[in-house]
Each structure stands twice: as structure tokens, then as C-alpha cells.
Amino acid sequence: DVYKRQQGQWCKRMNLELSTRVPMMIRSPSHPGSHGKKTSHFAELVDLYRTLIALAIPPDDTSVTALQEDVGGVDLAPIFENPTNPASAVKTHTFSQMSRCPRPADGLGPYSACNSATLEEIAWMGFSVRAELYRYNIWLPFNGSNNYAAWGGDEKYEELYSYENSDMSDFNSFERVNVVSDPDYAPKRDELYLMLAREFDRKRLVSPPPPLPPAGPLLLSNPRASAGSTAFAKRVHTPAPALHTQLSLIHISEPTRRTP
């Protein structure tokens, strides 16, 4: 039931909180002080390789050269020294990627045709960055034949959600209002966009967006969006392009349009 609750969607096929989170439990015999504790620090599955290597092999052991330096991820071992200490955090953001299902006619259930869609069929790719108080998603045209998302084009659809004062134990109580069109959130939107583009751009340098005036007070809701549904906004912008893709599937509702 947990996989069909968030936003009324099936399975983990969204760039939203419930879909992008997974249970992670690691017991390190060399860190008994961490046993039975949990942490709120950010972590990604791509970090497991470096973390397990660091926890399993003592730093002074020169007989084992198991770590491949070209793999992704970061070492989360410092968190085990004190899981509840904010100073032990090793990252401030996490990144996700999920495509829009090209075969949504029969729904998104466990037997959906989306499960057998090919890379070439995917026309839209979604990228997401999670910060402590925000999630920013962007949907870009995607060329599956070239495995390329069109960063830098005129067409894009965006989502920005604030988690401030949210009850994070109820996955249906937040990510309900898209504030990406709210001018008070424009600096945060552009900051997270730039961070996302830098993460997924493997070919070109990304130029920062033009400077913006100081932001006013942050709003916790957007009166222009309905509280019972997620709205997607389109804006025309020309940032530097980026590239990075993998095959996953999603269906989203038709977005609304926005101009700068």
C-alpha cells in the first residue's frame, strides 16, 4: 500500500520524497557507539561502495587495494563517529532521476507497459535535487537514441516544494503546492537549478544564472496553486546545457505554463 499512496501514484516512479527514499541500515563493528542509532544526514545508494570499503578495510592496511578511485559516491564512514552530530554530515544535497512513462494509457501499476519501455521511447526525463528544506525537479525533453537530456533548451517544466514546517511523517501532507512560480522562491529555484545542472553535466561548464534581487519573506504555500494537486510550471530560460541519463519510468499530469 505504501507504494500507491503518495500523490495517488503507483510504485516508486516519481521524483518526490517517498519514491526517492529507501531504507538503509549499516552496522559497523568498529563503531559500537553508533549501534542502534539513526541519523538524519543525507546519503545516496551510490555512496555504499566507498562507505563499505572504508568501514571494512582499516586505513593503515596497505595489503588491500580494493577501492576503485573512478567510482561515484562519497564515503559516509565519518557519520558513524557520531550519527546525531550535525558536524558529521558529509553532504548537503542528494540527486535523483526518473523519466516520464511513454506508455501511460494502462496506468502505472506493477504490470504497466511502462516496465518494458525502451530508452528510445522516452521523450521526457526528470531530474531532482533534495536540500534540507526544499526539493527542486526539472523535466526536460529527452533523446533516448543519444541518451541526451536537452539542458539549455527553451522547453522545461519545473517543480519546487518547501518542507518548512512540514510533517515529514505523513507523505501525503507535503509536496502538494508547487511554488516554483512564486517570485519569493526565485533565488532558491535558480540556486538548485544550477546545482542540479552541475551534477548532471558531464560535458560542459555551467554558467551561473544572472543575479537576482534579494528575496522577500518565504511563503509556505502558493495561493495560485490548488492544495489538492501538484502543478507543473513551464518557463523559458537559457542556462548552460548538461548531460546525464538512465532509464526509469514515470507519468506526470499535464503541466501549467509560466514565463519569466
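Clustering ILVMFWY residues whenever any of their side-chain heavy atoms sit less than 4.5 angstrom apart, transitively, puts F95 in the very cluster that holds Y136. Both M195 and V180 belong to a single network of hydrophobic side chains, linked directly or stepwise wherever heavy atoms of I, L, V, M, F, W or Y lie under 4.5 Å apart. Linking ILVMFWY side-chain heavy atoms closer than 4.5 Å, directly or via other members, places V177 and L133 in a single hydrophobic cluster. The cluster map of Ile, Leu, Val, Met, Phe, Trp and Tyr, joined by side-chain heavy atoms under 4.5 Å apart, puts I26 and L45 in the same cluster. Residue M24 is grouped with residue L52 when hydrophobic side chains (ILVMFWY) are merged at heavy-atom distances under 4.5 angstrom, including chains of intermediate members.
Remark: aromatic rings of W124 and Y157 are close, center separation under 6.0 Å. For Y148 and F142, the ring centers are positioned 6.0 Å apart or more.
Surrounding CD of E132 are at most 12 heavy atoms belonging to other residues, nucleotides or ligands under 6.0 Å away.
The two residues T51 and L76 come nearest to each other via the heavy atoms OG1-N, 2.9 Å. Residue S30 comes nearest to L55 through the heavy atom pair OG-O, 4.4 Å, listed as atom of the first residue, atom of the second, then distance. Closest approach of Y134 to K188, counting heavy atoms only: CE1-CE, 3.7 Å. Of all non-hydrogen atoms in I138 and W151, the two that sit nearest each other are CG2-CH2, 3.9 Å. The heavy-atom pair separating E44 from H93 by the smallest distance is OE1-O, 4.4 Å. In this structure, S162 and S166 approach most closely via the heavy-atom pair O-OG, 3.7 Å.
The existence of a salt bridge linking E17 and R130 is confirmed by a sub-4.0 Å separation between a basic side-chain nitrogen and an acidic carboxylate oxygen. A salt bridge is absent between D182 and R189; no separation between the charged side-chain nitrogens and carboxylate oxygens falls under 4.0 Å.
Rounding to the nearest 0.5 angstrom, the gap separating the CZ atom in F174 from the CZ atom in R135 is 8.5 Å. Atom CE of M14 and atom OG of S96 lie 12.5 Å apart (nearest 0.5 Å). Here the CG-CG distance, from D75 to D47, works out to 8.5 Å after rounding to the nearest 0.5 Å. Separation of atoms CG (L140) and CD (E158) is listed at 9.0 Å; rounding is to 0.5 Å. Here the CD-OG distance, from E81 to S88, works out to 9.0 Å after rounding to the nearest 0.5 Å. With rounding to the nearest 0.5 angstrom, the OG1 atom of T94 is 14.0 Å from the NE2 atom of H41.
Under the 4.5 Å side-chain criterion, counting only non-hydrogen atoms from C-beta, R100 is not in contact with M125. E159 is listed as a side-chain neighbour of L16, based on a closest heavy-atom distance under 4.5 Å. Residues T84 and T39 fail the side-chain proximity criterion, which asks for heavy atoms closer than 4.5 Å. In this structure, the side chains of Y193 and V129 stay at 4.5 Å or more apart for every pair of heavy atoms.
No donor-acceptor pair closer than 3.5 Å links the side chain of N85 to the backbone N or O of N82. Within the 3.5 Å criterion, the main-chain N or O of L196 finds no donor-acceptor partner in the side chain of E199.
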Check the pair V90, F42 against side-chain contact (heavy atoms from CB on, under 4.5 Å), reporting the backbone distance first and the verdict last.
-> CA-CA 8 Å; V90 298; F42 282 129; over 6 Å; no

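Using modelled atom types, one finds a donor on one side chain and an acceptor on the other under 3.5 Å when comparing H31 with S28.
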